[in-house]
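Every chain is numbered from 1 and lettered A, B, ... according to where its sequence line falls, protein lines coming before strand lines.
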Number of protein chains: 2
Amino acid sequence: MAGPNDLKPFFYPASVAVIGASQDEIKPSGIVLKNLLNSFSGRIYPVNPHYSSLHGIKCFPSIKSVPDSVDLSVLITPPDAVPALLREHAEKGVRHIIIATSGFGETVGGEGLEQEIREIAASSGIRIIGPNCLGVFHPSSGLDTFFLPVDRVPRPSAGNISVISQSGSVLGTTMILLEQEGIGIAKAVSYGNRVDVSETDLLEYLSTDEETAVIGLCIESIEDGRRFISTAQRCNKPVVAFKLGQEPAGRLASRSHTGSMSGKYEIFQAAFRRSGIFETTTIEEFLDLLKALSIQRRGHRDLGRSRQKRQKQKERKKILILTNAGGIGVMTADLCSKAGLAVPEIPSEPLKKLKAALPSYYSLSNPIDLTGNSKDAEFGLVLKTCLDYFDAAILIPFMTVPGMTPQLGDVIISSIGKLNKLRIPIVSLCPFSKDGKMLEDTFGKCCIPLFPTPSRLVKTLAHLLRTTDVEPITEKLRGFPGVSSLIRDRDTEDTNMFSLEDKKRLLDAMNLSYPESVRCKTITEAVSAARRIGFPVAMKIVSPDIIHKTNVGGVRLGVRSFKEIQQIFRKLINTTTYEYDEKARILGVDIEKMVQPGVELIIGGKRDPRFGPLILFGLGGIFTEVIRDTAIEIAPVTHSVARRMMESIKGYQILNGIRNMAGVDLDAIEEAIVTVSEFISAFPEIEEMEFNPVIAYPKGIIVVDVRILYVVNSEQ
Amino acid sequence: MAGPNDLKPFFYPASVAVIGASQDEIKPSGIVLKNLLNSFSGRIYPVNPHYSSLHGIKCFPSIKSVPDSVDLSVLITPPDAVPALLREHAEKGVRHIIIATSGFGETVGGEGLEQEIREIAASSGIRIIGPNCLGVFHPSSGLDTFFLPVDRVPRPSAGNISVISQSGSVLGTTMILLEQEGIGIAKAVSYGNRVDVSETDLLEYLSTDEETAVIGLCIESIEDGRRFISTAQRCNKPVVAFKLGQEPAGRLASRSHTGSMSGKYEIFQAAFRRSGIFETTTIEEFLDLLKALSIQRRGHRDLGRSRQKRQKQKERKKILILTNAGGIGVMTADLCSKAGLAVPEIPSEPLKKLKAALPSYYSLSNPIDLTGNSKDAEFGLVLKTCLDYFDAAILIPFMTVPGMTPQLGDVIISSIGKLNKLRIPIVSLCPFSKDGKMLEDTFGKCCIPLFPTPSRLVKTLAHLLRTTDVEPITEKLRGFPGVSSLIRDRDTEDTNMFSLEDKKRLLDAMNLSYPESVRCKTITEAVSAARRIGFPVAMKIVSPDIIHKTNVGGVRLGVRSFKEIQQIFRKLINTTTYEYDEKARILGVDIEKMVQPGVELIIGGKRDPRFGPLILFGLGGIFTEVIRDTAIEIAPVTHSVARRMMESIKGYQILNGIRNMAGVDLDAIEEAIVTVSEFISAFPEIEEMEFNPVIAYPKGIIVVDVRILYVVNSEQ
């Protein structure tokens, strides 16, 4: 794959051909030509064998008949015509093509055609955006290939936000909403079925694009998860993602929509988190955050922060709410609390100053309510006096109050200066009245973004105050001596079974503890093993043919005497005990030290087709099954990501100690998570592995059971 | 308190006096007079000793000097003047007064003044709305006491929604937002500090008000919880509530805002649920739902439904999503899934019809995507063909598509008829483009509400599809023979302690089981008790001076031999065992049958100052402490409410049986919840009671421990 500069002609072509152009202004082919003629200053070549001229300019019968070089072609023809057209373009030497046409992988029977154009692209070196897409809108060059009429979808002006969207209708909606709010666009791309140019290619290109300050990604799937993450990690501009197809119903819909299969949403969340990408879940949240970031560059990405620094970050952020509308202040404070933000009282020093300066009937507890008697200057005064004591401020100016004027923004600038110079974000509710609209200009001047409702405001502010750990995914893995052969030379017919010795070898290599146990073939061996280990012991049947040992009575816990050992041994090795074929191979009985009660954990690894190895952690037993209280991250993880996983589950309180239960060995768990994450990363043969249960104690952890599933039909 | 008709003059006065009137149009007193002169057709009497006329009409020096009768007075004077003015009004015979003035209970030092006017109201029979409020806006009579200038807060037209709000700024905002959307108001009241007329009085009045079809309540507190619930239960109009001051920060703010103390939010939720009131948590959700209900009367309230019917209701509602904008359809399907709504495939019969009628490249899996080639008539066709198979439909018409026109609404009416005749709700996304605005008229005609974003649409639809159990709060409680004396004749110095006999009497009266146990004073008694009960047993010290028995080693579990009994008995009765005063009274040792492991539950009762007795239920142990997985309802509850409590907790899966754990005796738990709820209702002496743990088994439940806290300083 070529470098990101290879995409430049999609945005800065000197000449554009429209293949299938027409003059019919309600057909896509007519709309695109019309829009280009209106906005694009480069050369335009309509191509359509049925016309000799369109809108008074020459129309060519084919791309080959265009006399000059063509930097970019937009194909808007029936789908069946596309492969031949691509070949013609290759011969002509056109290397950048937007295929707007639909009827490919997103429709029943269109997959073959899609595969054909994918192959042509790969062999000819042509770069393709689409098919089934709107293509590119780039206001500063006037390039506009969206087949949406300008009178129905007004275009935003030039700005610093770039948006990439798989879906055309979402991008169209985004254009309408941004235009309504007067927010500008740097570059907008709808890439549809993605036979060639992908979200990651575009992200890489925009990372170094000078016009772009903020990047919005509206995606349904990601082609190459690892490349996406490392590209996003390298991008030092804020990136906001909105993933469509989050839930089963949506996933299904997504499949038929752009022919792309969406993955499990939690994995995307892990990828976004790891990449330092803001995750949003509604279109308003997506656009609000893009807007705020285009004005105030906030949101921190930290590389490998210290534990102290992370601890500091976990403290709830302190918000000052300043209003002259008590009830709206209360509802905003409610929303802050729900979002994990604090609305603490005004500290005594600034409070004293405010009391001296303001009428006694103003309410000076946070939210500060300046009441219906408030004036512009009082908003300025409170901000100037209090801002140093908070992490952010929310303004709720109710402009129906006679003393408030559209000069409020200027007053704020003169009290505290322009906001982009400040260390903390300030956001404002867009005053609901018509008068409030007048504020837009002056608030724009001092870089205070306006939001239409308290809930949208608080959601965005919470994003601006969030700090993410962007921990690189290391390629350096520890060695697991002696295990390689165990994994690689496994008996492929028996992939899920470990011999006791193999299990011990595995756990020793991972430096994980396990209960002492002895595999016994006779009662005598069992008795002497129990004597050595000490009662109580557990007894477990060993048979490759009995998988769910517990369910069929193949496991006995709390065996306390030699007599019991003898009775149970006889019972366990008798195949008629189980509802199994009498030919079940019985290899023996494991005599195992009973583990002491502790906190049950699960540590697991999993390989995702898009994102590669993943690491899972959670509390075991009913916590995992009923509460689904688990954390998932891209593997391998560093110690600090492992610690974050532990802290992120609800059951963390239990790990940390609760009531008269002591806390468990957090360092040992952290180490185990890191180890398992490196282990699954080291062995691509593994599809899934589960350490379950792992029992955690105040000192140390013990792995009671291990299960590994290998990749079926792995490349050999 | 007089009947609701007593409030009529607040809305339909023949004459209104404005006390403290002025001509200054930026002062509240000037704004109110101006607004009344512009809109009110009855007699208007400005009162102010400083003027002889205002706006060309006579101004009176005092209310007494007004020659005619006055139905309603609006007081906008300094707060200190209010008590004297009220007395003058009482003498004049004015019985309805709105006190707009602030500076009462909501400010430091204003509580005394507020108490004074409360007493004047009570003794004179004057009805008061306020103080610290906007008063009344009633478009059909032209009455408008809001001191908000009309050019800054445009007033909505007359309609069928009535809104009651404690907060003036929230009501002002509501007016602006409704007016912007062209939605009408029947009556709007801001009642501020509520010295007299309360939310419940207003709710009662509006319940029978002919102009009102839907009621919105924006409240910070509720004065009389029980009366509120029964009033709401009797109201057969949909009621939508938005409670401000939900979280600690907001609660604090609320206190300083209108001087009212908010309660725990979960109790309000229980009250709303019990009343059949829709609960909303943001201003947009509140207004969206009011709007939808004013057009489509939906949302069911069922009285005492059968278990089968409830079962049926719990099935996920099936939503048809019909769009020509694939990506927006996917994001809407995502939101439906998150809201617990299903987006199932189109059944084969209608699917066959659609396939025959529509182009093959339309995507006919739900969400149905009619693509950029869609036409109005196809929306009508799909609705007509599929509607019978679904519980609701969502329309997402992307009007940027050339084939779509503003006639879409008419086309829909002609295919399926007017929506208010249909059995199911249909809602639509307001098309984002300017063209989409054109749809408002025709969609209005067919009663399809429009929403600006998918998330607001789905939230409202989920409300419309919800069915609540409005179970009346019965006054008939079972008898608890023999317990009354136990509670009432308790040793008040020792309120938290039960003797073993009392505990047994209590649980017997409630028909609840407990582990067999014997209180023993000697080792001989203990040994013979253990012989009768059978090993293992638990041994528990009995002492009024040792409260937390477990923590100090006063409880021994799993005692398995006579020898152990003897040793432990000696240890337990020796006060030096505990770090206690050696004078601790030791009454004996309880020998108790060890309970078998089962599922730990908590059943509790609690008395709230506003809402009276409450019943709580949850899974015990870490579930209660870590996950806060509890249900709370207003007591007493019926069996069906008790069942709903069980079903509402996350741990219900555990009760119902999970993996290889059997389910527990749901009927026994249900019965116990009902019993405890009736018990706390029967004894107002009880502040809190806790049955914890209760152990549930596949058959039966056992109460292991009971704790009762009595009301301190209860009226004697």
**OP:** Provide the closest heavy-atom pair for B/L335 versus A/T282 in the form atom of the first, atom of the second, distance.
**Re:** CD2-CG2, 4.2 Å
Original post:
Is A/S167 close to B/V330 at the side-chain level, that is, under 4.5 Å between some pair of heavy atoms?
Top reply: no
Original post:
For A/Y652, is it the side chain, the backbone, both, or neither that has a heavy atom closer than 4.5 Å to a heavy atom of chain B?
Top reply: neither
Original post:
Which bit of B/L148 is near chain A, if near means a heavy-atom gap under 4.5 Å: side chain, backbone, both or neither?
Top reply: side chain
**OP:** Search all heavy atoms of B/M404 against all heavy atoms of A/R152 and return the closest pair with its distance.
**Re:** O-NH1, 3.2 Å
**OP:** Examine whether an atom of B/F147 lies under 4.5 Å from a heavy atom of chain A, and if so say whether it belongs to the side chain, the backbone or both; otherwise answer neither.
**Re:** neither
Original post:
Tell me, do A/T371 and B/S102 make a side-chain contact under 4.5 Å, heavy atoms counted?
Top reply: no
Original post:
What distance do A/M331 atom CE and B/F286 atom CZ have between them, rounded to the nearest 0.5 Å?
Top reply: 9.0 Å
Original post:
For B/S169 and A/G327, which heavy atoms make the closest approach, and how far apart are they?
Top reply: OG-N, 3.1 Å
Original post:
Do you know the tightest heavy-atom contact between A/D334 and B/K243?
Top reply: OD2-O, 4.2 Å
Subject >> A/I176 CD1 to B/M399 CE distance, which is reported to the nearest 0.5 Å >> reply: 11.0 Å
